[in-house]
Amino acid sequence: MKVRRIVANIDTRKIEEAKSFYHDVLGLDLLMDHGWIATYGSNEQMSVQISFASEGGSGTPTPDLSIEVDDVEAALERVKRAGFTVEYGPMNEPWGVRRFFVRDPFGKLVNILAHVQAD
């Protein structure tokens, strides 16, 4: 048996509000919409991971989601331009990532990160 995919499910009655963050800011495509569920995603090949944490690192709260991007600064600019408030960072962390935290329209704490090259 092999795990093929892990899907994060966020409970909400305001499904249409996902578009403003997950599509408009992060650029994910609407893959499925049945009215009661909307799925955003990408056709990029991605690693399957699930993390369990007692904190978010550097004394931060544990984020609900972590989303790796190729350009943290571009993501940060899009988040700010869309009017979302950055709650932490951007910071270069000692474990080799640059990241910031933002809340999505549903109040979920999202860790947006990119791995940084060692000097």
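Source: prediction; values computed, not measured.
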Give the minimum heavy-atom separation between [X] and [Y], together with the two atoms involved.
X	Y	value
Leu31	Ser42	CD1-N, 4.1 Å
Ala38	Leu30	CB-CD1, 4.0 Å
Ser20	Val25	O-CG2, 3.4 Å

Solution key, residues 49-57 side-chain donor-acceptor pairs under 3.5 Å, sequence neighbours excluded:
{"unit_1": "Glu55", "atom_1": "OE1", "unit_2": "Gly57", "atom_2": "N", "d": "3.2"}
{"unit_1": "Glu55", "atom_1": "OE1", "unit_2": "Gly59", "atom_2": "N", "d": "2.8"}

Please table the atom pairs, donor to acceptor, closer than 3.5 Å between any side-chain atom in residues 83-92 and protein atoms at least two apart or in another chain.
{"unit_1": "Glu87", "atom_1": "OE1", "unit_2": "Arg103", "atom_2": "NE", "d": "3.4"}
{"unit_1": "Glu87", "atom_1": "OE2", "unit_2": "Arg103", "atom_2": "NE", "d": "2.9"}
{"unit_1": "Tyr88", "atom_1": "OH", "unit_2": "Glu93", "atom_2": "OE2", "d": "2.6"}
{"unit_1": "Asn92", "atom_1": "OD1", "unit_2": "Arg98", "atom_2": "NH1", "d": "3.1"}

Cut-off 3.5 Å, no hydrogens considered: what does the side-chain donor-acceptor table look like for residues 7-19, sequence neighbours left out?
{"unit_1": "Thr12", "atom_1": "OG1", "unit_2": "Lys14", "atom_2": "N", "d": "2.9"}
{"unit_1": "Lys19", "atom_1": "NZ", "unit_2": "Asp24", "atom_2": "OD1", "d": "3.1"}

What I'd like to find out is whether the side chain of Leu26 reaches to under 4.5 Å of the side chain of Tyr40, using heavy atoms alone. no
Is Val72 close to Val97 at the side-chain level, that is, under 4.5 Å between some pair of heavy atoms? no
Connected via hydrophobic side-chain network under 4.5 Å: [X] and [Y]:
X	Y	result
Phe100	Tyr22	yes
Leu28	Met46	no
Trp95	Val116	no
Phe21	Leu109	no

Distance, nearest 0.5 Å, that separates [atom1] of [X] from [atom2] of [Y]:
X	Y	atom1	atom2	answer
Leu76	Arg81	CG	CZ	10.5 Å
Phe101	Lys108	CZ	NZ	15.0 Å
Ile67	Leu65	CD1	CG	5.5 Å

